[in-house]
Asks: 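Sharing a structure here in structure tokens format.
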Protein chains: 4
Amino acid sequence: MQKRVDPATPPAGQTPDLSTETGRELAADAAGAGKTPRTERGRKTMRAILDAAALEFGERGFHDASISGITRRAGVALGSFYTYFDSKDAVFRALVRDMSDQVRDHVAPGIRAAPDQLAAEHAGLRDFIAFVRGHKELYRIIDESEFVDPESFRLHYSTTADRIAARLKAAAARGEVRDDVSEIHAWALMGINVFLGLRYGVWEQDRSPADVADVIADMLATGIGPR
Amino acid sequence: MQKRVDPATPPAGQTPDLSTETGRELAADAAGAGKTPRTERGRKTMRAILDAAALEFGERGFHDASISGITRRAGVALGSFYTYFDSKDAVFRALVRDMSDQVRDHVAPGIRAAPDQLAAEHAGLRDFIAFVRGHKELYRIIDESEFVDPESFRLHYSTTADRIAARLKAAAARGEVRDDVSEIHAWALMGINVFLGLRYGVWEQDRSPADVADVIADMLATGIGPR
Amino acid sequence: MQKRVDPATPPAGQTPDLSTETGRELAADAAGAGKTPRTERGRKTMRAILDAAALEFGERGFHDASISGITRRAGVALGSFYTYFDSKDAVFRALVRDMSDQVRDHVAPGIRAAPDQLAAEHAGLRDFIAFVRGHKELYRIIDESEFVDPESFRLHYSTTADRIAARLKAAAARGEVRDDVSEIHAWALMGINVFLGLRYGVWEQDRSPADVADVIADMLATGIGPR
Amino acid sequence: MQKRVDPATPPAGQTPDLSTETGRELAADAAGAGKTPRTERGRKTMRAILDAAALEFGERGFHDASISGITRRAGVALGSFYTYFDSKDAVFRALVRDMSDQVRDHVAPGIRAAPDQLAAEHAGLRDFIAFVRGHKELYRIIDESEFVDPESFRLHYSTTADRIAARLKAAAARGEVRDDVSEIHAWALMGINVFLGLRYGVWEQDRSPADVADVIADMLATGIGPR
DNA sequence: TATGAATGAGACTTCATTCAT
DNA sequence: TATGAATGAAGTCTCATTCAT
């Protein structure tokens, strides 16, 4: 396990505004995987199914999850599922997108507010760990997209890495980090975030997110060589 | 998803041949998941099945893989599968163990031979990337163990992180790295290795393993702050 | 094999029709082994499956019977079976219960209407033989429960014997039979009924149920010693 | 459960003499279902398989029993089974015959030695119950023959009933029982024996075989009417 | 929209039997 | 005779998806 979602954010302004409705409804909607409900009642049902799906997929994994399990949790009839989603794959895709967006949104403000790049990475990791603690199903769902929907899996990490790389490049231009930062550094940072999120967010919580972020920020600042 | 197996590598060029018998029987055997064959003929059949399973699981993923697909590749009858393994899960477990052992064994020598810790990490990453290039199925199999056999998934990463942590501690004692290295650093290193292996080993090979390792070794030495 | 179900019988000629719906739904329902259908359509399908199962199990025995054979007879798709029953064992259990209830219910009235205990045993045996003639599958199904579901097998005979014993005790209190009647007599009577039902109900019908019952009633009245 | 084996015996002299070898070996041999072993070693192996089969079939029933289970218990290789028996059905048939013969032989002496018919029935029942206590698998095996090999099942009970009927007729001629004894009485007696053997031999042993036989002999002598 | 019954392809697993050694 | 690996037919059960109400 090491999938991750995104401890970083796009430059301000690129964050899609999800605040019109509940925020979460639109996110799902934006995924385009679900059929747009036309009534308020329909919107609620769809949201209930999506939330139930997060639980079901998180607990049992994609293949062991069942549509009937999802509708049972959502408290709707089996057939109603197909009123909102075309297939099992479709909810899953919508869900991956939904969660992916959620992390990004929850982590973005901290990064934007940081005074410099190292502080931004610190905030990003700290907030990311904190977020996954409240969303343990995140890993299982995003991880499994590798098998269910490889394209979105690959897209997810490519996009995330690109975002980090862009951030680093911009910081280099500002002189906040060395000027040879590259895609390799971006992938390394992503790997760090993902694994620390798994270890200190999902598995055990024996260290505070801030402590973990401190250690990493320090390592990024000066390396691990002898002082 | 980007699970990994072992941030260590065998001497370059020694990528083990997954299809020969030497050395691999013991690993499979050690897994204890299969029924030990009593004759030479049986031993060959079991190895054929295990190799076929690596291909099948690697190409199609656990759930889409089928026992009949495995036996077809292995050139044996469907029923023969059950002469050696109790279930689909059982081969999978045996396979995870088998591959996990392989990476570790092939990556260890390079690490041991390195003059100091930074060189060791360099060799480990370089050789690991080289290794996965020859074993693309590695990621899919180890990654998917999270869903098929969570215990071995967790065990795999815990063990690997512990190994790295022990290595760092020893290096700190020798004065080769800062003396406050901790488990957090170990997980960070593991994350780096796993993601770079995914990106530059499995996905694309637009940078040589050595180049990638150079960049990371440099980052570990002095951080990414401005020079 | 000569299991039996109930040494009591319904008024002669009232052999219940296994294929109608009246009265039988509740029995199956009471078994609790099936998933209760929520619609009328579902109720009919479930009944069709249960009736088809009686035929299939009766003709081929539990192990040679197949779910597909049952659904073929019932005229429904294979999968529909699992809409109503969890497993092959589950239908079988429901069926044993269903048939056990049927015999008891159809044999009880004759016993209740008899003027004294010997007349009751006469009526019971006579009606039982008549009943099994119309339900040849009864023996095979109840007999086989010994192997498929030992608990219900044992329960069936224990219950039946208890019922007979209670009947005898009550009759003794009324002075209709010797006052040392015991459980042993109850089991003996059950054995007689079961074997005569097998021989003169299922195997051959060379003697009328009433004739057979006459002989036994006489034996019970005075024994088989010389006159 | 109510199958039975035989609480009676044929007139002296009709009992096949099984005493040449171990007695049990010949019985199996006589069944003709097994291939005659030519060496002493072979004879032992065959006996081991037959005994193991009695355990396996008794514990798990015909269908759940497996050839490999039998050979495992017998301590021989799977393939060796087919050196002595043609099929699973064949061992089963041999076994039914073997056990059927055993009961008859163990019960015959008591019956022959009885001074009159009522005493003979008493001895027969008593010895039968005693026998099944030491051979609990008897019922399951003979019962299941109804499903595995209906002919021998039917033959078994027909033969037994005929033997009892012949006995009764002879006794009637001697004036020991009423002269209208018939096949019906024979089947009734068989039913009594079988069910009491099940209840007081296999299920629980809360009454001694002699006590049970006393009650039945008394019932046969004078009936169950008020004294 | 909502409901839940119906469908049927598909996959795992078992095990009697054969056969080469 | 003994061994145990190999075979493959057969059967149970799951579940995504459709559809009539």
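Note that the coordinates shown come from a computational prediction; the quantities given were computed from them, not determined experimentally. The sequence lines fix the lettering, A, B, ..., with proteins before strands; numbering per chain opens at 1.
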Asks: Within the 4.0 Å limit for protein heavy atoms, which parts of nucleotides 12-21 of chain E are touched? Write it as a string from 5' to 3', B for base, S for sugar-phosphate only, - for none.
Replies: SBB-SBB---
Asks: Would you name the heavy atoms of D:L50 and D:A94 that are closest together and state the gap between them?
Replies: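 So the two residues come closest at CD1-CB, 4.4 Å.
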Asks: Within this structure, what is the CE-to-C1' distance between C:M46 and E:dA6, rounded to whole angstrom?
Replies: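 After rounding, the reported distance stands at 16 Å.
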Asks: Is there a Watson-Crick or G-U wobble partner for F:dT12 with both distances under 3.5 Å, and which nucleotide is it?
Replies: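 Checking every strand shown, F:dT12 finds its partner in E:dA11, with both distances under 3.5 Å.
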Asks: Just compare F:dT7, E:dA5, E:dA2 and give me whichever is closest to any side-chain atom of A:T45.
Replies: E:dA2
Asks: For A:R72 and F:dC15, what is the distance between atoms CZ and C1' respectively, to the nearest whole Å?
Replies: 12 Å
Asks: Given atom CD1 of A:I49 and atom C1' of E:dT3, what is their separation to the nearest angstrom?
Replies: 13 Å
Asks: Roughly how many Å is it from CD1 in C:I70 to C1' in F:dG11, rounded to a whole number?
Replies: 12 Å
Asks: Hey, is A:E137 close enough to A:R140 for a salt bridge, meaning N to O under 4.0 Å?
Replies: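 The answer is no: the pair does not qualify as a salt bridge.
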Asks: Answer with yes or no after comparing the ring centroid distance for B:F92 and B:F62 against a 6.0 Å cut-off, counting only values under it.
Replies: yes
Asks: Counting only Watson-Crick or G-U wobble pairs whose two distances fall under 3.5 Å, which nucleotide matches F:dT21?
Replies: E:dA2
Asks: Of C:V148, C:I141, C:I142, which meets side chain to side chain contact (heavy atoms under 4.5 Å, CB included) against C:E144?
Replies: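 Single side chain to side chain contact (heavy atoms under 4.5 Å, CB included) partner of C:E144 among C:V148, C:I141, C:I142: C:V148.
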Asks: Nearest heavy-atom pair of A:I49 and A:I70: which atoms, and what distance?
Replies: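 Reported closest heavy-atom pair: O-CG2, 3.8 Å.
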Asks: Verify the contact: side-chain N or O of A:Y84 to OP1 or OP2 of E:dT1, cut-off strictly under 4.0 Å; return yes or no.
Replies: no
Asks: What heavy-atom pair brings D:S100 and D:H156 nearest, and what distance separates the two atoms?
Replies: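 In this case the closest contact between D:S100 and D:H156 is OG-ND1, 3.2 Å.
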